[in-house]
Amino acid sequence: MADPLSIALVLPHAWPARDDVGWHVEALAHALARRGHAVTLLAATADKDLLVAGRDAFRALAGGDVSALRARPGEMRVVAIGRSLPAGGGRRVAGPLDMATSLENALTLVPFDVVHLHEPLAPSPGLSALRHARGVTAATFHGHDQLAGVAFLQPLVDRALARVDVCTATTEVARRALGDLLPRDYMLVPGGVDPAVFAPGAGEPAGPPGLVVVARERDRAGLRFAMRVLRLSDLPAVGRVTVIGPPDAPWRTRAAVPKALRPFVTVVPDGGPSTRAEAFARARVAVVPTPGDVGSPAMPEAMACGLAVLAPRCEELDRLLAHGREGLALPPFAAEAWAAAVDEVAADPGRRDALGAAAATRAHARSWDTVAAELEALYRVAAARRAAGGAEHRDAAPGRLLVDLRVRPGPGLDAAAIITACRDRGLGAVGVAAPGGVGPALAVAAAAPADLRVIVGQEIATEDGVIVGLHLVRD
């Protein structure tokens with residue numbers, strides 16, 4: 001294996017993980033560590049012990065001990081960067097002021113080879129903090145729900161993303177939405193499954209096969225549709241039904257189950273991979289009623305457990321059921337067709353086994369170790385581009401040039417310092433203007449590399465303030 005990398009994974013949500021983004025980052029961190037890398041996970045927390053340990057680590061870092069935040073090769077280490085705050089619905093997010101200072105210190109003082117931010121559009125200073133990173137920078141977008149408000153901040157987000165070396169999305173829907181709103185290259189890198197946690201059962205259970213409904217979306221539209229399907233199905237032949245609902249307010253999920261179905265249905269709030277694995281182990285059939293849940297981690301996990309999966313036709317399903325043998329693709333929200341499919345699969349053990357075996361093979365082909373290997377390859381390609389010395393690793397969005405139109409040379413900011421700062425910030429052009437003549441700007445232009453354009457200027461004092469003249473050739 002190549003030399004291990006020192007990797008910082010930045011999580012804007014609270015630790016311990018309580019949502020899909022957190023569980024994704026946790027699994028990825030362990031997979032990268034298994035590949036021999038030194039992985040530091042930077043996140044806010046409400047855990048008192050982690051907060052105390054995090055403050056101690058940052059005090060040691062301020063004293064010059066960079067190892068205070070760095071993990072050892074093959075180790076995954078969590079470092080608290082501040083106290084998390086409640087965000088409603090039982091969720092917690094990082095406190096922005098705490099996180100901003102800690103991230104700046106961590107990324108400025110610790111020479112991480114890679115800094116990888118997850119969910120860049122979450123309310124946090126993580127994206128802007130990437131400018132302090134000294135190595136390869138990466139950003140992973142986990143969904144497209146937060147893109148609605150980006151239009152108001154697009155210039156700022158564009159500028160921040162211009163400093164990112166590797167941008168990835170976990171779903172094709174998110175990748176396409178990002179490409180439309182924030183144009184640049186996004187690599188599709190979906191999450192994986194843990195074969196040690198999600199694996200087919202020992203065999204077909206005696207009696208009815210049992211069914212799991214994956215209905216984790218908070219609007220519960222998928223749950224209501226699944227209940228319509230169950231009303232039309234032969235429930236005694238189907239057996240016990242387990243509903244994996246949203247993690248918050250399980251009583252609302254139970255209230256959405258009709259009284260006639262409650263003797264057959266058990267509601268389980270989604271508590272993470274272990275909770276889902278327990279639910280999948282109790283059944284041989286899974287109903288995933290909405291495209292949103294098809295794009296969630298629960299879909300490949302159900303496949304990995306060898307369940308016969310029924311899901312709506314959608315773009316994300318095309319990626320998961322590549323050959324049409326790994327599950328049933330059904331018309332969205334066509335209750336009669338879904339009920340007929342449920343009854344067919346429940347009554348035919350051979351059909352269930354064939355679908356489940358093909359699904360498990362397909363899902364296990366993409367483990368977290370596979371995901372970690374893909375990301376490592378992207379990190380190393382970006383590092384090679386940086387080592388080549390070109391400015392292309394910091395280009396702005398396609399067709400755009402990142403420019404600072406007013407930089408004033410002075411004590412401590414000579415030509416060499418200006419050029420270094422421009423490289424660090426991904427600038428393709430800079431306007432340099434100082435009072436007293438164009439000499440300082442010409443000095444920067446003479447020292448600048450070919451891929452940095454220097455716009456020569458001068459500051460001129462007037463009664464109404466300073467005027468900056470650009471594109472000058474003489475005083």
Side-chain angles (χ1 to χ4, degrees), residues 1-13 15-17 21-45 47 49-82 94 99 102-119 126 129-140 164-166 168 189 191-192 194 196 367-387 393:
M1 190 192 82
D3 292 338
L5 300 171
S6 176
I7 302 172
L9 300 180
V10 182
L11 177 64
H13 298 186
W15 185 266
V21 175
W23 293 318
H24 178 112
V25 174
E26 181 178 14
L28 175 61
H30 286 295
L32 288 167
R34 285 194 296 272
R35 292 184 63 81
H37 302 300
V39 183
T40 300
L41 198 159
L42 301 171
T45 185
D47 184 284
D49 292 336
L50 279 176
L51 282 169
V52 170
R55 290 180 185 128
D56 290 343
F58 276 98
R59 276 195 291 269
L61 177 65
D65 182 8
V66 297
S67 67
L69 265 66
R70 292 181 69 171
R72 295 186 298 272
E75 176 189 31
M76 191 280 272
R77 180 182 178 190
V78 178
V79 176
I81 55 176
M99 189 176 181
S102 297
L103 275 179
E104 181 175 349
N105 291 336
L107 303 187
T108 301
L109 301 177
V110 182
F112 290 112
D113 298 315
V114 178
V115 177
H116 191 154
L117 171 64
H118 287 261
E119 205 68 310
L130 287 183
R131 72 183 186 274
H132 301 292
R134 297 160 63 179
V136 169
T137 54
T140 291
V164 178
D165 298 297
V166 178
T168 71
V189 184
D194 185 346
S367 68
W368 281 107
D369 290 332
T370 303
V371 178
E374 290 181 2
L375 285 172
E376 180 188 331
L378 293 175
Y379 297 156
R380 294 196 185 279
V381 168
R385 285 203 304 265
R386 279 173 161 263
H393 73 278

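- For Arg134 (side chain) and Asp113 (main-chain N/O), no donor-acceptor pair under 3.5 Å exists by modelled atom type.
- Side-chain contact between Phe112 and Ile7 is absent, with no heavy-atom pair separated by less than 4.5 Å.
- To the nearest 0.5 Å, the span separating OG1 on Thr168 from CG on Leu375 amounts to 6.0 Å.
- Separation of atoms CG (Leu11) and CD (Glu26) is listed at 10.0 Å; rounding is to 0.5 Å.
- A donor atom on one side chain and an acceptor atom on the other are found under 3.5 Å apart for His37 and Glu376.
- Using modelled atom types, one finds a donor on one side chain and an acceptor on the other under 3.5 Å when comparing Ser67 with Asp65.
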Intermediate values then yes/no, side chain to side chain contact (heavy atoms under 4.5 Å, CB included), Val79 and Leu41
CA-CA 6 Å; Val79 176; Leu41 198 159; over 6 Å; no
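- Nearest heavy-atom pair across Ala60 and Ala68 is CB-CB, 3.7 Å.
- The two residues Val39 and Ala71 have their closest heavy-atom pair at O-CB, 3.4 Å.
- One finds the CG atom of Leu42 at 11.5 Å from the CH2 atom of Trp15 (value rounded to the nearest 0.5 Å).
- With Thr40 contributing its side chain and Leu69 its backbone, the two residues share a donor-acceptor pair below 3.5 Å.
- In this structure the side chain of His118 reaches within 4.5 angstrom of the side chain of Leu28, judged on heavy atoms.
- Aromatic ring pairs are classed by plane angle as parallel below 30°, tilted from 30° to 60° and perpendicular above 60°; the pair His116 and Tyr379 is perpendicular.
- For the pair Asp194 and Trp368, the tightest heavy-atom approach, listed with the atom from each and the gap, is N-CD1, 3.8 Å.
- The two atoms that bring Glu374 and Val189 nearest to each other are OE1-CG1, 3.7 Å, heavy atoms only.
- Panel note: side chain Ser102, backbone Ile81; a donor-acceptor pair is recorded below 3.5 Å.
- Between Arg35 and Asp369 there is no salt bridge, since no side-chain N of the basic residue sits under 4.0 Å from a carboxylate O of the acidic one.
- In this structure, Trp23 has its ring center at least 6.0 angstrom away from the ring center of His13.
- The only option from Leu378, Thr137, Val114 that meets the side chain to side chain contact (heavy atoms under 4.5 Å, CB included) definition with Val166 turns out to be Leu378.
- The line from CZ of Arg34 to CE of Met76 is 10.5 Å long, rounded to the nearest 0.5 Å.
- You'll find the side chain of Leu103 stays beyond 4.5 Å of the side chain of His132, heavy atoms only.
- Contact of the Leu130 side chain with the Leu117 side chain is registered, since non-hydrogen atoms from C-beta on lie closer than 4.5 Å.
- Contact detail for Gly82 and Leu51: the closest heavy-atom pair is O-CD2, 3.4 Å.
- In this structure, CG on Leu61 lies 12.5 Å from CG on Asp56, to the nearest 0.5 angstrom.
- In this structure, the separation between OG1 on Thr140 and CG on Leu9 is 9.0 Å, given to the nearest 0.5 Å.
- Taking each heavy atom of Glu119 and Pro12 in turn, the nearest pair found is O-CG, 3.8 Å.
- Contact check on Arg385 versus Asp165 returns no salt bridge, with no Lys/Arg side-chain nitrogen under 4.0 Å from an Asp/Glu carboxylate oxygen.
- Other residues, nucleotides and ligands place no more than 12 heavy atoms under 6.0 Å from the CZ atom of Arg72.
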